[in-house]
Structures are given as structure tokens and as C-alpha cells.
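Working notes, beginning with the structure itself.
Here is how names work: the chains are called A, B, and so on, in the same order as the sequence lines, proteins then strands, and each is numbered from 1.
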Number of protein chains: 2
Amino acid sequence: MPKSIKRTYSRYSRDATALLGGLIREARKERRLTAQELADRAGISRGLLQRIEKGDLKCEIGAVFEVASIVGVTLFDADEITLAKHLSQIKHKLALLPKSVRKKAKAVIDDF
Amino acid sequence: MPKSIKRTYSRYSRDATALLGGLIREARKERRLTAQELADRAGISRGLLQRIEKGDLKCEIGAVFEVASIVGVTLFDADEITLAKHLSQIKHKLALLPKSVRKKAKAVIDDF
DNA sequence: TTTAAATGATCTTTATATAGACCATATAAT
DNA sequence: ATTATATGGTCTATATAAAGATCATTTAAA
């Protein structure tokens, strides 16, 4: 990372991450798990769980999804079977699409 | 990070991340954007976009959500208004919950 | 078929996310 | 009210994610 990373995030990204974190926190409390307990189960530190629940955009998605699934917050509101089905469908559809996206070589000069 | 991080991920986390990446790739191609173009728009490198589309669990969630929203892949299948509403609802519900989770001080000895 | 472009992969450098420890505060239960 | 505990924050060391460059391969279009 040569130049320091200063990403900008859209409102949607910020809201979505904050909502996900809030849902996780709510689900954790409903299940009466302490932050430390949930962090242990997910194999992460308590500090990272705090950031996830706060909606910090700079957490790795794997850790977020792991915590979410432990407390029952599903992103695709899908059970495993449905999720796997969606996954195979996507792979199938992607196999049918062109492998690479090509731009038109030249713009059409249509106004002479 | 004293000890090297070797996280384990559940099948759900892996599938969900892979599905999300696949949906992003599909949406990108439908919109006829090259990987470089999408990466530029999201303010990330092409390499990171590649990992996101492959379903790499170790990408920051902010970058993933940003890319997803650019190509129109919504996680909460919610427009911004609905998302904001959910967000405020969550905050409200969290305000009503106990601030900290407490364990019962002592186990009940119920078998004498 | 030819060719230019898109993709996939690898490597290096550097910024940074994370673990783990610590401390202060808040708070639930006694 | 007291007290033990959960939470929130800070700090340091270190593993690692990301940028950017490069190269090979694939592939869509001419």
C-alpha cells in the first residue's frame, strides 16, 4: 500500500454494515451471550467483535459472517440448502457469460 | 497478532461469501464493466476486486459492500429508505435491551 | 487468423487490522 | 449500597491485507 488508504464509502455501505452489526448485537443479547463468549466461539478477539457490532467497515468479511451465523443472523435469509443452490446457480450462469468484458473498439460516428 | 491467525470458517460463511462474490461478478458483466473499471469506481485495486469476486473471506467488508452496491447487489434487498428505517429500529430496540449481559452468579443445585 | 485487451497470477513494499494486555467505567445482581 | 462483571477504550507488537507493478494466458473482436 504505497499511498495511505483513505477509502470513501457510500451511505448504503455504511448503513448496511451498521445494520448488520446492530442485528448481531441484538441477537447476541437475546441469546444472553457476553461479548467475550461470542468472540471465543467465533475465534476472534473481543475487540474485533466490538468493532463488528459497531459497524466498522474495516473488518474482514469472513469474521463478520462467522459471528453473524453463530447468532443466527443470516444474510441471504436462506438455509444452507437454499444457499448452496443459489451458489450453484450463480456458478452455472457465470459459466454461460462471456469470460471477459470487451469494450467497443471504436465509437460510431453517427453525426456527420 | 502474536500467534499467526488461522481462522476457521463455517460452511455458511464460505458459501455466503462465495455467493456474494458471484453475484457481484455476474452483475458486473451484465453491466459490461471491466474489472479495472469497477475497481476504479470503488476506489480499490483490481487485485482486491478479483479476490472479492472469488469469495475471499479476508477482504474488508466495506470494500465488498461498496462494490456490491455499485453494481446493484443489495444485501438487505432494501432501498435506502427501508435500510435506514431498519437501522433506526435496531438502534431503538438495542436501547431497550440491558446494556450488559449477566450470567447467573451461581448454578442452582437442584439435585440433592 | 491476427491482435489488442481483459483476465489471472505472482511478487514486493508498506500501511494497517488484529490479538492481547491493560485500565476505567457502567451496570446487573446481590 | 455494595460488588463482581461486562463493556468500552487505549496501547503495543506483529501478522497480513492491499496497492502497484509485472508477466502469461485467455479471449473477444477485427
For a quick check, with a 4.0 angstrom heavy-atom cut-off, what is the B/S/- contact string for nucleotides 1-8 of chain D, read 5' to 3'?
---BBSBB
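- Look at CD1 on A:Ile52: it is 13 Å from C1' on C:dA19, rounded to the nearest Å.
- Contacts classified as salt bridge (Lys or Arg N to Asp or Glu O under 4.0 Å) and involving residues 20-29 of chain A (residues at least two apart or in different chains) are given here: A:Arg25-A:Glu53, A:Glu26-B:Lys93, A:Arg28-A:Glu53.
- Atom CG in A:Leu94 sits about 16 Å away from atom C1' in C:dA6, given to the nearest Å.
- Atom CG of B:Leu48 is separated from atom P of C:dG8 by 14 Å (rounded to the nearest Å).
- B:Gln36 places no side-chain N or O within 3.5 Å of a backbone atom of B:Arg46 that could act as its donor or acceptor partner.
- Mapping A:Gly47 and A:Leu97 onto DNA chain D by nearest heavy atom places A:Gly47 closer to the 5' end of the strand.
- A salt bridge links A:Glu60 with B:Arg7: at least one charged nitrogen is closer than 4.0 Å to a carboxylate oxygen.
- In this entry the distance linking CG of A:Leu57 with C1' of D:dA18 reads 16 Å, nearest Å.
- Rounded to a whole Å, the CD1 atom of A:Ile44 is 20 Å from the P atom of D:dA15.
- With rounding to whole Å, B:Lys58 atom NZ is found 14 Å from C:dT16 atom C1'.
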Side-chain donor-acceptor pairs of residues 16-24 of chain A under 3.5 Å, sequence neighbours excluded:
from: A:Thr17; atom 1: OG1; to: A:Ser13; atom 2: O; distance (Å): 2.7

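- Between C:dA19 and B:Arg7, a contact under 4.0 Å exists linking OP1 or OP2 to a side-chain N or O.
- For A:Ser45 and B:Lys54, each mapped to the nucleotide of DNA chain C holding its nearest heavy atom, the one lying further toward the 5' end belongs to B:Lys54.
- For the pair B:Asp40 CG and C:dA6 P, the computed distance is 12 Å after rounding to whole Å.
- If you chain together hydrophobic residues whose side chains sit under 4.5 Å apart, B:Tyr12 and B:Ile61 fall into the same group.
- Distance CD/A:Glu37 to CD1/A:Ile70: 12.0 Å, rounded to 0.5 Å.
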